[in-house]
Number of protein chains: 2
Amino acid sequence: MKEGPNLAAVAALLGDPARANMLTALMDGRALTATELAHEAGVTLQTTSGHLARLEAARLLRVEKQGRHRYFRLSGEDVAEVLEGLMGLAARTGHLRAKPGPKDPALRQARICYDHLAGDMGVWAFDRLRAKGIVAGHDRHVHVTQEGRAFFARLDIDVEALAHERRPLCRVCLDWSERRYHIAGAIGSQFLRKLFEKGWARREKDSRIVHFTPNGRQDFSKLLA
Amino acid sequence: MKEGPNLAAVAALLGDPARANMLTALMDGRALTATELAHEAGVTLQTTSGHLARLEAARLLRVEKQGRHRYFRLSGEDVAEVLEGLMGLAARTGHLRAKPGPKDPALRQARICYDHLAGDMGVWAFDRLRAKGIVAGHDRHVHVTQEGRAFFARLDIDVEALAHERRPLCRVCLDWSERRYHIAGAIGSQFLRKLFEKGWARREKDSRIVHFTPNGRQDFSKLLA
DNA sequence: ATCATGCTTCGGTTACTACCGAACTATGAA
DNA sequence: TTCATAGTTCGGTAGTAACCGAAGCATGAT
């Protein structure tokens with residue numbers, strides 16, 4: 001009783017449908033304006049403004065001013081992880097959406113989680129990266145191996161440069177649909193970007209869903225074979 | 001927008017202070033009666049009854065009837081994990097309790113998480129178990145090694161028998177205070193039980209806090225040296 | 001300067017829900 | 001049977017907060 005951090009305060013913030021929709025919209029790692037988020041949540045701009053102020057005060061969101069726009073994004077990967085965790089619990093406890101939506105299977109297949117690949121494809125890719133010895137390690141402390149650096153270099157990803165950024169190079173992130181891990185961090189971000197650059201996959205407009213082209217899927221499989 | 005499981009519905013359940021207090025009280029894995037939970041949450045029995053009905057309907061709690069008592073417990077380890085995750089976010093985002101409470105340091109040191117050891121000591125123990133080759137593996141898929149079976153056998157823990165239970169033998173669980181993993185599952189549960197049996201540690205009454213005796217701490221260190 | 005756009009603040013309404021008192025059901029003990 | 005304990009259901013109250021319209025800034029374009 002009354003021990004530890006104030007769980008209820010944070011959960012209550014996530015518990016409002018409008019705020020939850022805004023946060024979900026930000027799960028793909030993009031930064032969105034207040035107007036865009038208002039549209040996502042289906043409420044007016046002034047209501048949105050109030051919600052965003054509260055989320056920012058709680059440090060769940062980070063804001064960047066650019067001209068007369070204010071861009072909001074999740075304050076960190078850990079926020080995205082908790083959101084995914086809650087989705088997992090919602091799915092497991094049968095608390096699905098009233099109207100499940102036809103997009104759900106596609107969402108389970110492949111989606112953006114913050115800025116990296118999640119879903120069935122994301123988990124599969126992570127498994128392959130490990131099986132091929134490109135990454136190794138325990139728990140959250142996964143690292144890119146020497147062979148891994150060569151592998152990423154062939155994709156024009158400079159691991160050395162990424163390693164010097166403030167952001168963790170290589171992390172794992174729990175998947176709500178698979179309940180297993182996929183790769184995150186700077187490497188996860190760059191890896192996904194390459195998929196788009198190569199034209200192997202594209203993102204559905206205004207959605208977290210990622211679509212692979214038939215050829216892209218094949219080339220991706222070959223890359224990680 | 002409106003993709004994936006209904007995150008807000010679950011979060012709203014966790015967002016009420018009374019319900020959050022009840023769930024927190026159940027984090028130590030015990031099963032408590034409605035009356036006990038009413039006391040924990042600081043509300044009357046009839047209010048509690050309503051909350052518990054909702055939590056059970058959402059499959060966050062499981063109930064067992066025994067005579068005229070109804071014992072409530074968390075429906076699974078995953079619920080405890082999400083609660084710990086939310087606590088981590090609350091701590092990280094500065095959303096601490098209004099009155100931090102003098103017990104917080106003790107809680108960070110060693111506490112019960114569902115039915116296994118968490119906090120600084122829990123994370124340390126898990127590190128040692130891995131360093132000694134008692135457990136090995138990646139991610140959530142950790143396993144007890146051959147040497148590990150011998151190690152646990154010396155503690156009168158029959159890994160073979162536990163492995164045949166429905167419950168996962170060896171899992172990991174994320175720690176809100178350390179933001180690192182500790183050991184859970186049937187092994188984690190038995191391991192903690194041994195600490196109590198040996199008198200190395202005892203649990204504080206009506207709390208998740210675990211106190212190690214001076215000798216117990218020494219013997220525990222020696223065991224995992 | 002004037003206008004348009006993006007966002008915030010203020011005020012009032014509405015809807016929700018946590019809460020408790022009181023009455024009721026169910027199980028067990030004497 | 002009678003009483004006590006554990007818990008649920010019902011009804012009414014009260015506090016909260018989500019919501020929008022309107023007005024008010026602030027920045028950028030013309």
Side-chain angles (χ1 to χ4, degrees), chain A residues 1-2 6-26 30-73 95 98 206, chain B residues 1-2 6-26 30-73 95 98 206:
Chain A
M1 48 174 175
K2 283 169 198 138
N6 194 352
L7 151 67
V10 178
L13 279 175
L14 309 182
D16 175 77
R19 283 192 295 265
N21 282 338
M22 294 176 198
L23 291 167
T24 304
L26 292 169
R30 285 180 302 180
L32 299 180
T33 64
T35 307
E36 288 168 322
L37 287 167
H39 184 250
E40 286 288 340
V43 292
T44 62
L45 186 55
Q46 61 268 32
T47 300
T48 302
S49 178
H51 285 311
L52 292 174
R54 292 185 60 184
L55 289 172
E56 200 205 338
R59 305 273 185 109
L60 293 174
L61 294 185
R62 197 155 45 84
V63 63
E64 290 160 31
K65 281 193 84 161
Q66 261 179 41
R68 50 187 165 179
H69 295 271
R70 296 189 72 202
Y71 283 93
F72 292 88
R73 61 172 78 244
H95 237 109
D206 292 330
Chain B
M1 52 174 174
K2 286 169 195 133
N6 194 352
L7 150 68
V10 177
L13 279 174
L14 309 181
D16 175 76
R19 283 192 293 265
N21 282 339
M22 294 177 198
L23 290 166
T24 304
L26 292 170
R30 286 179 302 181
L32 299 180
T33 64
T35 307
E36 287 168 323
L37 287 168
H39 185 250
E40 287 287 342
V43 291
T44 61
L45 186 54
Q46 60 269 33
T47 300
T48 302
S49 179
H51 285 311
L52 292 174
R54 292 184 60 184
L55 289 172
E56 201 206 338
R59 306 272 185 109
L60 292 174
L61 294 186
R62 197 153 46 83
V63 62
E64 290 158 32
K65 282 195 84 160
Q66 261 180 42
R68 50 185 166 177
H69 295 272
R70 298 188 71 201
Y71 283 94
F72 293 87
R73 60 171 77 244
H95 238 110
D206 293 330

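So that the names make sense, note that chain A is the first sequence line, chain B the second, and so on, each numbered from 1.
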Student check: side-chain heavy atoms of V43(A) and M22(A) closer than 4.5 Å
yes
Closest heavy-atom contact between A20(B) and A8(A)?
CB-CB, 3.6 Å
OP1 or OP2 of dC19(C) sitting under 4.0 Å from any side-chain N/O of T47(B)?
no
Per atom distances to the L45(A) side chain, the nearest of dA18(C), dC20(C), dT8(C) is dT8(C)
Give one of base, sugar-phosphate or nothing for A53(B), where a contact means two heavy atoms less than 4.0 Å apart.
nothing
Round to a whole Å and report the spacing from NE2 of H51(A) to C1' of dA18(D).
6 Å
Any idea which of dC20(D), dG21(C), dT9(D) is nearest the T44(B) side chain?
dG21(C)
Stepwise, does the side-chain contact (heavy atoms from CB on, under 4.5 Å) test hold for T48(B) with T35(B)?
CA-CA 8 Å; T48(B) 302; T35(B) 307; over 6 Å; no
Quick one: label T48(A) by what it contacts on the DNA or RNA (base, sugar-phosphate, nothing), any heavy atom closer than 4.0 Å.
nothing
Nearest whole Å is fine: how far is dC7(C) P from H39(A) NE2?
14 Å
What is the distance from CD of E56(A) to P of dT8(C), rounded to the nearest Å?
9 Å
Given the options L60(B), L13(B), L61(B), R54(B) meets side chain to side chain contact (heavy atoms under 4.5 Å, CB included) only with L13(B)
R19(A) side chain: which of dA18(D), dT9(C), dT8(D) is closest?
dA18(D)
Side-chain contact check for H69(A): nearest option of dC7(C), dC20(C), dA6(D) is dC7(C)
Interatomic distance where CG belongs to L37(A) and C1' belongs to dA18(D) [whole Å]:
17 Å
Nearest whole angstrom, please: distance from the P of dC19(C) to the CG of L52(B).
12 Å
Could you check which of dT27(D), dA6(D), dT8(D) has an atom nearest any side-chain atom of R70(B)?
dT8(D)
Considering only dT8(D), dC19(C), dT9(C), which nucleotide approaches the side chain of A18(B) most closely?
dC19(C)
With a 3.5 Å cut-off and heavy atoms only, can you find an N or O donor on one side and an acceptor on the other between the side chain of Q46(B) and the base of dG21(C)?
yes
Are any of the side-chain heavy atoms of V63(B) and L52(B) separated by less than 4.5 Å?
no
Nearest-nucleotide check on DNA chain C, R54(B) vs T33(A); residue mapping nearer the 5' end is T33(A)
In whole angstrom, what separates L55(B)'s CG from dT17(C)'s P?
14 Å
Tell me: CG of D16(A) to C1' of dA15(C), nearest whole Å?
13 Å
Among dC20(C), dT27(C), dT8(D), the one nearest K65(B) by side-chain distance
dT27(C)
For atom CG of L14(B) and atom P of dA18(C), their distance in whole Å:
13 Å
